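Bear in mind the structure is a predicted one, so any value in this text is a computation, not a measurement.
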Amino acid sequence: MKRIAVLTSGGDAPGMNAAIRAVVRSSSYYNMEVYGVERGYIGLIGGDMHMLSRRTVSDTIQRGGTILRTARSDEFNTYEGRKKAAESLANNNVEGLVVIGGDGSLRGANDLYSDFGIKTVGIPGTIDNDLGYTDRTIGFDTAVNTAVNAINNLRDTMSSHERVVIVQVMGRHSGQIALHAGLAGGAEVILVPEHPVDFDEVASVLLRGAAVGKTSGIVVLAEGACPLDEAMKEIKARTGLSLRSTVLGYIQRGGSPSMEDRVLASRLGIRAVELLKENKGGLVVGIQGNDVIDLPIKDALAVKPRFDEKLFEQAKMLSL
Ligand code: ADP
């Protein structure tokens with residue numbers, strides 16, 4: 001291939017810029033041209049793309065968000081919308097497309113491949129780490145570290161005042177951020193959508209903690225586990241402890257990417273370009289163990305996200 005394009009789509013994640021940079025620089029290394037598409041599939045439908053040089057990605061590896069901007073496009077969910085997108089690639093003589101985004105964006109990349117034969121390669125970019133085929137998605141490590149730092153700060157205040165705090169973290173239907181932030185932050189309780197919430201058990205853990213002299217209690221609540229106000233009400237009613245809550249929200253989506261996310265994004269970006277160089281498409285890249293892997297997007301998306309039950313049990317083991 002002589003010319004490819006790259007876009008970011010769906011929710012932004014720290015490390016997306018490092019992935020764009022890797023795509024641009026490895027393409028240049030292999031003597032391929034790269035177009036950057038603005039605002040994900042919206043820009044693809046509208047033909048909003050321009051050439052990226054090695055220098056246009058200078059000074060971006062450390063920046064959160066995405067320099068190409070990102071969006072959600074309802075039109076792209078229709079066959080007609082995707083047809084326009086395929087046409088704008090053809091009009092610009094673009095032969096392959098790298099899509100950086102979450103599961104929805106990767107499904108879109110697969111549709112472009114199956115409907116119009118566009119050679120697409122997906123890179124998993126989402127803080128949620130909710131794709132079963134890859135051990136990690138770009139942005140997860142940074143988001144978890146942001147949550148851990150927030151928990152550290154909350155712990156100072158909560159122990160000074162002898163209070164319990166419920167920290168709500170992101171993750172949509174996944175408890176991955178909650179599990180890792182909870183374990184690394186030393187939380188007493190971690191509530192995830194993968195397990196039914198048992199408030200009697202939560203209350204007993206917190207009361208036991210108070211009885212053995214713990215000065216603070218941290219409850220990490222995944223947004224998909226249960227509503228925050230319900231957790232506040234039920235825990236208050238069962239314990240009578242002094243309770244506060246904090247919603248971390250979009251704080252977790254931004255910020256400078258961690259070393260892990262920069263390295264992952266760089267490795268996946270390079271592999272995506274190498275696959276296109278070999279004229280392959282309809283694929284996603286990911287990481288298993290320390291190996292970069294690729295497989296058909298449709299097979300990848302059929303793999304159910306895994307929740308690390310053992311780590312969940314271990315977090316409980318250490319929490320008292
Ligand atoms: P994420 O990629 O972060 O999961 P979304 O699920 O919102 O975010 O998907 C981003 C965009 O990808 C959507 O706005 C839509 O344009 C496209 N998309 C999502 N699901 C599909 C699908 N099943 N088929 C085609 N395109 C899709």
Side-chain angles (χ1 to χ4, degrees), residues 127-130 136 139-255 258 260 305-320:
I127 64 167
D128 300 333
N129 203 34
D130 59 352
R136 285 282 180 270
F140 174 69
D141 185 65
T142 307
V144 170
N145 279 307
T146 302
V148 170
N149 286 330
I151 292 169
N152 292 343
N153 291 2
L154 287 165
R155 184 187 286 278
D156 291 345
T157 296
M158 294 307 142
S159 28
S160 304
H161 288 273
E162 298 178 280
R163 280 177 184 155
V164 171
V165 66
I166 304 178
V167 192
Q168 191 196 66
V169 299
M170 281 183 155
R172 293 195 295 183
H173 307 295
S174 166
Q176 294 262 7
I177 294 178
L179 170 59
H180 289 80
L183 173 54
E188 274 65 31
V189 176
I190 302 170
L191 301 175
V192 294
E194 289 83 354
H195 285 264
V197 176
D198 178 347
F199 287 113
D200 290 333
E201 189 191 336
V202 173
S204 102
V205 170
L206 292 174
L207 290 172
R208 247 186 303 156
V212 297
K214 285 197 174 215
T215 51
S216 69
I218 312 267
V219 178
V220 175
L221 171 68
E223 63 182 345
C226 78
L228 176 59
D229 52 358
E230 183 189 334
M232 286 291 284
K233 195 170 101 230
E234 299 295 334
I235 295 173
K236 181 88 196 158
R238 283 169 174 78
T239 64
L241 292 167
S242 176
L243 201 58
R244 294 290 184 274
S245 68
T246 295
V247 177
L248 295 189
Y250 286 111
I251 301 274
Q252 293 155 97
R253 286 257 290 266
S258 66
E260 290 283 351
R306 284 157 299 168
F307 184 73
D308 192 337
E309 296 294 340
K310 184 167 180 195
L311 198 63
F312 189 58
E313 287 310 312
Q314 288 173 326
K316 281 189 192 171
M317 189 195 289
L318 301 181
S319 69
L320 266 185

Item to check | Pairwise side-chain contact, R136 with D141, heavy-atom cut-off 4.5 Å (strictly under) | outcome: no
Item to check | Side-chain donor/acceptor of E188 to backbone N/O of G209, under 3.5 Å | outcome: no
Next on the checklist: Minimum heavy-atom separation for A187 and V220, please, with both atom names.
Outcome noted: CB-CG2, 3.7 Å
Next on the checklist: Tell me whether the count of non-hydrogen atoms from other residues, nucleotides or ligands lying under 6.0 Å of CG in L228 goes above 12.
Outcome noted: yes
Item to check | Distance in Å, R306 CZ paired with N129 CG, rounded so as to fall on 0.5 Å steps | outcome: 9.0 Å
Next on the checklist: Checking K233 now: which residues fulfil side-chain contact (heavy atoms from CB on, under 4.5 Å) with it, not counting sequence neighbours?
Outcome noted: none
Item to check | Donor + acceptor pair across side chains of S258, N145 (<3.5 Å) | outcome: no
Checklist outcome for this item: Closest non-hydrogen contact found for A178 with I190 is O-CG2, 3.7 Å
Checklist outcome for this item: Value for CG (L248) from CZ (R253), rounded to nearest 0.5 Å, stands at 13.5 Å
Item to check | Closest non-hydrogen atom pair between P193 and A222, with its separation | outcome: CD-CB, 3.6 Å
Next on the checklist: Once rounded to the nearest 0.5 Å, what's the spacing between atom CZ of F199 and atom CG of L191?
Outcome noted: 6.5 Å
Item to check | For R244 against S242, the heavy-atom pair lying closest together | outcome: NH1-OG, 3.9 Å
Checklist entry - Do the non-hydrogen side-chain atoms of V189 and E201 ever get within less than 4.5 Å of each other? => result no
Checklist entry - How many angstroms lie between CG in D308 and CD in E313, if you round to the nearest 0.5 Å? => result 10.5 Å
Next on the checklist: Donor-acceptor pair, distance only, cut-off 3.5 Å: does the side chain of E162 make one with the backbone of T215?
Outcome noted: no
Item to check | Set of salt bridge (Lys or Arg N to Asp or Glu O under 4.0 Å) partners for D156, sequence neighbours left out | outcome: none
Next on the checklist: Around atom NE2 of H173, are there more than 12 heavy atoms from other residues, nucleotides or ligands closer than 6.0 Å?
Outcome noted: no
Next on the checklist: Among residues at least two apart in sequence or on other chains, which ones pass salt bridge (Lys or Arg N to Asp or Glu O under 4.0 Å) with D128?
Outcome noted: R172
